[in-house]
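Counting convention: from 1, in listed order, for ligands and their atoms alike.
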Amino acid sequence: MRTSWADSVASAEAENVGSASSDNNGVGSTARPTKSTYIPPHLRNRHQSSEPAAPSLSGPPSSNDRLGFGGSASGSRIGGSRQDHGRSGGYGGGGRSGGWNNRGAGWDRGRDERLNPFGNDDDASVQEEFVEQENTGINFDAYEDIPVETSGDNVPPPVETFAKIDLGKELNANIRRCKYVKPTPVQRHAIPISLAGRDLMACAQTGSGKTAAFCFPIISGIMRGGHPQRPSRGLRTVYPLALILSPTRELSMQIHDEARKFAYQTGVKVVVVYGGAPIGQQLRELDRGVDILVATPGRLVDLLERARVSLQMIRYLALDEADRMLDMGFEPQIRKIVEQTDMPARGIRQTMLFSATFPKEIQRLASDFLSNYIFLAVGRVGSSTDLIVQRVEFVHEADKRSHLMDLLHAQKANGVHGKQALTLVFVETKKGADALEHFLSMNGFPATSIHGDRTQQERELALRSFKSGNTPILVATDVAARGLDIPHVAHVINFDLPNDIDDYVHRIGRTGRAGKTGLATAFFNEGSMSLARPLADLMQESNQEVPDWLVRYASRAAYGGGRNRRSGGGRFGGRDFRRESSFNRGGAADYHGGNNNHGGNNNYHNSGGPSNNNSGGGGGYGPSAWD
Ligand SMILES: Nc1ncnc2c1ncn2[C@@H]1O[C@H](COP(=O)(O)OP(=O)(O)OP(=O)(O)O)[C@@H](O)[C@H]1O
């Protein structure tokens, strides 16, 4: 039976425990207008957005440099119908979306576990049609210059090819089926570290292949270790060997799908459990056996309390989006799962934490779960990839909707919005998502939405409709900000900017993945002041053009307006928190050790061995201009 704790976790999970999804979460201290003014198309021939009010010491900023997006609103807007094909049968009330066990709707995930996740043909050489073409087109050159930092004791060296790693014959065949030609930088470093049995805290940019980096060693390790005898505590208790936790249901499903592909014909069984879906099917799936359990925390807690899952045999624990999992929303639940169940203690199990962002205070918390771990950073911690062209435009709150329509029209006119090119629009609140979806639909733009107030079935349908291109515009809260790997997302629009620069990094990371380029546009106004400086820093660091007006706002924020600096030295230049002097003063191991393999810090440039053993100094990254 579910306790209040389980309930609270489940409901937190439904919300994505995302502060950004709450309806009352304004940006900074400036209250947002609750309603923005819609300007009808026929009245919208005036300038497309006002210039920002000048920060104290300046004239007006340069205009909204909307290169490529400047077309006037034109073209017909067929008003009316909602475009979310998933909703055609009403909200979960039947129609084609119907039943709980509709395979297409995803409720019986795993029922076809034994089927070939690549299709029905076993032959790795004839899998072309089953595999996304994306992976063959990965632009590895894009990653060549990324600096890599590792710290910790006796760091295993990176590998250049999958062939050089002993992952096992079946797993190697699946890697070929996935058309992964060579490992991405995070895989080159993380896989040998994990195969050596070491705990790992890894930070690498969005879309750089972290999922495979933790799945491959887990699957390979289970294959090597065989299938140990499970205890016979209760007939219906299952004993997974690996647990992968992620913050959202959709991300857990995606990890499950990926892990199933990697585990095909290895004998390793992968099951996913997540909230919002009927538990019966998930229980039946567990009854068929599980080696790797992918889960959201709330549903896992429920299953632990029902004694249907025991963590006693866990050898591998992976937290994806680990900083999110350990921030204020999830940390107590994660602590209970990891520290107050029968899960083997750290040092006995192997623990891997992955994210694109890792603030120092969260690193500090995370270290409680790790034993003598290696810290790996591919690129600067929390940086965004250069593959994404970032644009920021000053748009008054009241002009946002009309400005968005201008962007979407221009995309259509320029042919950017072909069937496959998808646009993801992030807003702050669930109500805001509904309202914007409705507004876009009423104005002839095929849009759907995903947020924590929609049923799980609606969320999945919306995502599927978006992925398929049926509704090529998805309005989302932060529930869709992390981890989702959706091919063909060409444009991410931050209609409302988040409060935290790390959330911005994850949001824009839904485009520009696996070596491909993408575009991210942010609507900035006085309500986003707290983000001015970190945003300008981030853009400058990733070689983006920073508008003069943003630089002026940023410099003003530097003298008291900025709230977005993190404690412990700020984000920029941030790396392994153990190298902070405050940590060392606390009597912990000396990570400023320098030129040896003990507690040292290694800087790599892309491939090959350590190029420069930096003696506790600055590592490979210069401070930002504002530091
Ligand atoms: N070695 C590889 N070769 C080619 N493609 C790869 C390789 N590794 C991963 N990919 C592909 O790259 C894409 C991004 O991978 P993944 O979703 O694991 O990124 P991520 O680092 O976890 O991103 P995020 O931080 O957003 O969660 C996926 O489509 C995946 O199939």
Does anything in residues 202-220 pair up under salt bridge (charged side-chain N to carboxylate O under 4.0 Å, His left out), and if so which pairs, sequence neighbours excluded? none

Please say whether [X] places an N or O atom under 3.5 Å from an N or O atom belonging to ligand 1.
X: Lys179; answer: no
X: Ala514; answer: no
X: Arg510; answer: yes
X: Thr206; answer: no
X: Ala356; answer: no

Which residues pass the side chain to side chain donor-acceptor pair (under 3.5 Å) test with Glu321, not counting sequence neighbours? Arg482

Judged by heavy atoms only, the candidate from Arg513, Lys182, Lys516, Lys261 nearest atom 26 (O) of ligand 1 is Arg513

In terms of its nearest heavy atom to atom 29 (O) of ligand 1, the top option of Ile255, Asp485, Asp320 is Asp485

Nearest non-hydrogen partners of Ser530 and Asn499, listed with the distance: OG-O, 4.2 Å

Would a distance-only check, ignoring hydrogens and angles, find a side-chain to backbone donor-acceptor pair under 3.5 Å from [X] to [Y]?
X: Arg346; Y: Ser367; value: yes
X: Arg249; Y: Glu460; value: no
X: Arg507; Y: Ala481; value: no
X: Gln187; Y: Gly209; value: yes

Heavy-atom distances under 4.0 Å are what count here, so tell me which part of Lys210 touches ligand 1: side chain, backbone, both or neither. both

The answer for which part of Thr211 has a heavy atom under 4.0 Å from ligand 1 is both

For ligand 1, which atoms, with element, lie under 4.0 Å from some heavy atom of [X]?
X: Ser208; result: 19 (O), 20 (P), 21 (O)
X: Glu321; result: 27 (O)
X: Gln205; result: 21 (O)

With a 4.0 Å cut-off on heavy atoms, is Ala204 touching ligand 1? no

Residue-ligand contact His506/ligand 1, heavy atom below 4.0 Å: no

side-chain hydrogen bond (donor to acceptor under 3.5 Å, both in side chains) between Glu258 and Gln254, worked out: CA-CA 6 Å; Glu258 289 293 288; Gln254 179 182 299; over 6 Å; no

Yes or no on side-chain hydrogen bond (donor to acceptor under 3.5 Å, both in side chains) for Thr448 and Ser465, after CA distance, side-chain angles and deciding distance? CA-CA 8 Å; Thr448 183; Ser465 182; 5.7 Å; no

